[in-house]
J.: 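Once you've had a glance at the structure underneath, I'll fire off some questions.
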Amino acid sequence: MASEKLFANIISHAKEYGYIFQSSEIYDGLSAVYDYGQYGAQLKKNIRDAWWKSMTQLHENIVGIDAAIFMHPTTWKASGHVDNFSDPMIDNKDSKKRYRVDHLIEAHATELEDKGEADKAKELLSAMDALLAKDDFTGLKTLIETWKIKCAVSGTANWTDVRQFNLMFSTEFGAVSSDNPEDNIVYLRPETAQGIFVNFLNVQKSGRMKIPFGIAQTGKAFRNEIVARQFIFRMREFEQMEMQFFVRPGTELDWYAKWKETRMQWHIDLGLPAEKLRFHDHIKLAHYANAAVDIEFEFPFGWKELEGIHSRTDYDLRRHQEFSKKKLQYFDNDLNAEGKPYGNYIPFVVETSVGLDRLFLTILSHSYHEEEVPTAEEGKTDTRVVLRLPAKIAPIKLAVFPLTKKDGLPELAEEIMKDCMPHFHCFYEEKDAIGKRYRRQDAIGTPFCVTVDHQTKEDGTVTIRLRDTLEQHRIPAKEVQQFVLNKIA
RNA sequence: GCGACAAUAGCUCAUCCGGUAGAGCGCCAGUUUCCCAAACUGGAGGUGGCGGGUUCGAGUCCCGUUUGUCGCUCCA
């Protein structure tokens, strides 16, 4: 099937079977915001739990926290989010090319210098600085127009207005407004990482953590994307699962290499096929990193970033130390080659950061299959849609069906429900033909169904039916619970 | 942000040249059925995304808008 059509089918399946709904759909929706439905929320939680367990429970030196979405505004000055992402931009209407206004004007000034008109260049730049300082966007556009600055691509001076693109959502903090509105602005965090960095010392001290150690966190983050598209791939409100690993300076690239492999293996262990995963090294590094790689997945719409592993140096802690005037350092008692303690230093950080929603989409699109299966009628086939979700993260683990809703079969089925419900999510249904009930469970990705029939009354066995192979075999009803538990362990 | 395309029942779609909206599937209630979407009976569900305009009359033509998909662009 064409991948475009396949992706459209996945999206509509996700909606039809209670996985993902568009936000505020009855009001025509809200751009690039989505809600998780009854099965989606459970699948998402199961993925999140799997990650949390793999990080915190299975690593003695990693602990998890839950920092608030609201953070002190200075956090974002320290992190670079305020200054690096609020530059005024302008678009050329002919070439559709977007420029940072300062870059555009500076490039023109350089041209003037090359032509030996250094005085003019200086005049232009000082005019620009004055306008930038005042946030005078109208003035900046006038400046571009009076100096007849043209687009390098189209060669025209057909510009849009100067606009500022704010990456971060802001809101007002406190019920009483201040004389200076800026005093009350808080941002909705654009990444969860900073909640870890500002708590570095708290966790290290209170948990008596010894380097190397990690702090994990899952939570919502918010970005005012210029373009937000491709279903839940890029949303304005999304959830991150991040782990910041604090290491001794000089060892960061070893840890970076280790986490790179560890994280790739985790995705494979979760059930994703190795051939649809790959590394993509960053050539151009962000201001805080000395090495960075993405784990990419081959979505129906191409290879896209799923997780980032970054060696963030000591940038974040160093910046927070500067801005907060608090020492964010660690005293390392381990002995170096000369037999002396490594002493005080700001730890280096290796970050693993995976998008929970992206991982959800990865699993959903990989699990979705349309296939021909035999029907009750000899030789005939019918199309079934099945989500081959890994059993350990499927929202519903077991469906329990009485073959008919009389002759005491529902009562026997209820017993199995009672036996299993405390241990994993179960679904009970007694209406419609058995085949139809199986198909409905296929569509939501339930890996196991058991059916109670008349033989159950005689020998206590039930039919267990496997989603992926359509195989059926009989097992004692009393063993159903353990059968499923073994499969989802 | 630019461009292209799209929007009719829960889903997939139909509705001829503009003349008061229909099917299949699904869903709900029941009958029947004894292991892979069977059959039968009955039922709910639509201001045709929203707002304007043209017209005697608009789901249909035009404009705007919202949302989505795709291509550019952006992506710490």
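Source: prediction; values computed, not measured. A, B, ... follow the sequence lines: proteins, then strands. Residue 1 opens every chain.
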J.: Mark yes or no: A:R465 above the aromatic ring of A:Y438, with NZ or CZ under 6.0 Å from the six-membered ring centre and no more than 45 degrees from the axis.
T.: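 Yes, A:R465 and A:Y438 form such a contact.
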
J.: Would you say the base of B:rC35 and the side-chain of A:D453 have a donor-acceptor pair closer than 3.5 Å?
T.: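 Side chain to base: pair present.
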
J.: So is A:R263 actually on top of A:W266's ring, under 6.0 Å and inside 45° of the axis?
T.: yes

J.: To the nearest 0.5 angstrom, please state how far the OG atom of A:S170 sits from the CH2 atom of A:W76.
T.: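 A:S170 atom OG to A:W76 atom CH2 measures 13.0 Å (nearest 0.5 Å).
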
J.: Check the angle between the aromatic planes of A:Y19 and A:Y39 and answer parallel, tilted or perpendicular using the 30° and 60° thresholds.
T.: tilted

J.: Between atom CG in A:L403 and atom P in B:rC36, what is the gap in whole Å?
T.: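 Value for this atom pair: 10 Å.
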
J.: Can you tell me which stems RNA chain B forms, taking runs of 3 or more consecutive Watson-Crick or G-U pairs with both distances under 3.5 Å?
T.: B:1-7 with B:66-72, B:10-13 with B:22-25, B:27-31 with B:39-43, B:49-53 with B:61-65

J.: Taking only the C1' atom of each, what is the distance from B:rA6 to B:rG43 in whole angstrom?
T.: 33 Å

J.: In whole Å, I'd like the distance from the CG atom of A:L409 to the P atom of B:rC35.
T.: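 Distance check: A:L409 CG to B:rC35 P gives 12 Å.
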
J.: If we take the C1' atom in both B:rG53 and B:rU12, what is their distance in whole Å?
T.: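 Here B:rG53 and B:rU12 have their C1' atoms 33 Å from each other.
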
J.: With rounding to whole Å, what would you report as the distance between B:rC62 and B:rA29 at their P atoms?
T.: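 That atom pair is separated by 45 Å.
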
J.: Among residues at least two apart in sequence or on other chains, which ones pass side chain to side chain contact (heavy atoms under 4.5 Å, CB included) with A:D316?
T.: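 In terms of side chain to side chain contact (heavy atoms under 4.5 Å, CB included), with neighbours along the sequence ignored, A:D316 is linked to A:Q194, A:F197, A:R312.
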
J.: Between atom NE2 in A:H454 and atom P in B:rC34, what is the gap in whole Å?
T.: 9 Å

J.: Let's test your reading of the model: under 3.5 Å, does the base of B:rC75 pair with the side chain of A:E305 as donor and acceptor?
T.: no

J.: To the nearest Å, how far apart are A:R236 CZ and B:rC75 C1'?
T.: 13 Å

J.: Between atom CD in A:E429 and atom C1' in B:rA37, what is the gap in whole Å?
T.: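 Result: 12 Å.
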
J.: Which value, in whole Å, describes the distance between the P atoms of nucleotides B:rA14 and B:rC61?
T.: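 Looking at atom P only, B:rA14 and B:rC61 are 14 Å apart.
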
J.: Would you verify whether the NZ or CZ of A:K260 falls within 45 degrees of the ring axis of A:F279 while also being under 6.0 Å from that six-membered ring's centre?
T.: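 Positive - A:K260 is close enough to the ring of A:F279 and near enough to its axis.
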
J.: Using atom C1' of each nucleotide, how far apart are B:rA58 and B:rC50 to the nearest Å?
T.: 16 Å

J.: How many Å lie between NZ on A:K405 and C1' on B:rU31, as a whole number?
T.: 10 Å

J.: Are A:R440 and A:D432 ion-paired here, with the side-chain N under 4.0 Å from a carboxylate O?
T.: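 Salt bridge between A:R440 and A:D432, a charged N being under 4.0 Å from a carboxylate O: yes.
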
J.: Roughly how many Å apart are B:rA37 and B:rC11, using the C1' atom of each and rounding to a whole number?
T.: 14 Å

J.: Could you tell me which residues satisfy ring pair (Phe, Tyr, Trp, His ring centres under 6.0 Å) with A:W255, sequence neighbours excluded, listed by chain and number?
T.: A:F245

J.: Rounded to whole angstrom, note down the C1' distance from B:rG1 over to B:rG57.
T.: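 Each nucleotide's C1' atom is 40 Å from the other's.
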
J.: List, with names and distances, any nitrogen or oxygen atoms from the protein found under 3.5 Å away from nitrogen or oxygen atoms belonging to nucleotides 65-67 of chain B.
T.:
unit_1	atom_1	unit_2	atom_2	d
B:rU67	O4'	A:D28	O	3.3
B:rU67	O3'	A:Q22	NE2	2.8
B:rU67	O2'	A:Q22	OE1	3.3
B:rU67	O2'	A:Q22	NE2	3.3

J.: Map A:K431 and A:R465 onto RNA chain B by nearest heavy atom, then report which one ends up closer to the 5' terminus.
T.: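 Nearest nucleotide further toward 5': that of A:K431.
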
J.: Hey, can you pull the donor-acceptor pairs under 3.5 Å for the side chains in residues 399-418 of chain A, sequence neighbours left out?
T.:
unit_1	atom_1	unit_2	atom_2	d
A:D407	OD2	A:H454	NE2	3.0

J.: Give the C-alpha distance, both sets of side-chain angles, the deciding distance and a yes or no for ring-ring contact (aromatic ring centres under 6.0 Å, His included) between A:Y34 and A:F21.
T.: CA-CA 6 Å; A:Y34 291 88; A:F21 308 123; over 10 Å; no

J.: Would you say the side chain of A:R437 and the base of B:rC36 hold a donor-acceptor pair, judged only by whether the two atoms sit under 3.5 Å apart?
T.: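 Side chain to base: no pair below 3.5 Å.
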
J.: For the rings on A:Y36 and A:F360, is their centre-to-centre separation under 6.0 Å?
T.: yes

J.: Once you round it to whole Å, what is the distance between C1' of B:rC75 and CZ of A:R234?
T.: 5 Å

J.: Check the chi torsion on B:rC25 and let me know: syn if it falls within 90° of 0, anti if not.
T.: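 Glycosidic conformation of B:rC25: anti.
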
J.: What distance, rounded to whole Å, do you find between the two C1' atoms, one in B:rU60 and one in B:rU54?
T.: 13 Å

J.: Quick one: pull up CZ in A:F323 and OG1 in A:T74 and give me the separation to the nearest 0.5 Å.
T.: 8.0 Å

J.: Please tabulate the protein-to-nucleotide N/O contacts below 3.5 Å involving nucleotides 11-14 of chain B, giving atom names and distances.
T.:
unit_1	atom_1	unit_2	atom_2	d
B:rC11	OP1	A:K15	NZ	2.8

J.: Do other residues, nucleotides or ligands put more than 12 heavy atoms under 6.0 Å from A:K258 NZ?
T.: yes

J.: CD1 of A:I10 versus C1' of B:rU69: gap in Å, rounded?
T.: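 The distance from CD1 of A:I10 to C1' of B:rU69 comes to 14 Å, rounded to the nearest Å.
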
J.: Please tell me which of the listed nucleotides, B:rC34, B:rC35, B:rU69, lies nearest to the side chain of A:I11?
T.: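 It is B:rU69.
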
J.: Look at the side chain of A:D442 and the base of B:rC36, then say whether one donor and one acceptor between them are separated by less than 3.5 Å.
T.: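 In this structure, the two groups form no donor-acceptor pair.
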
J.: Between B:rA37, B:rC35, B:rA76, which nucleotide gets closest to the side-chain atoms of A:K436?
T.: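 Nucleotide nearest to A:K436's side chain: B:rA37.
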
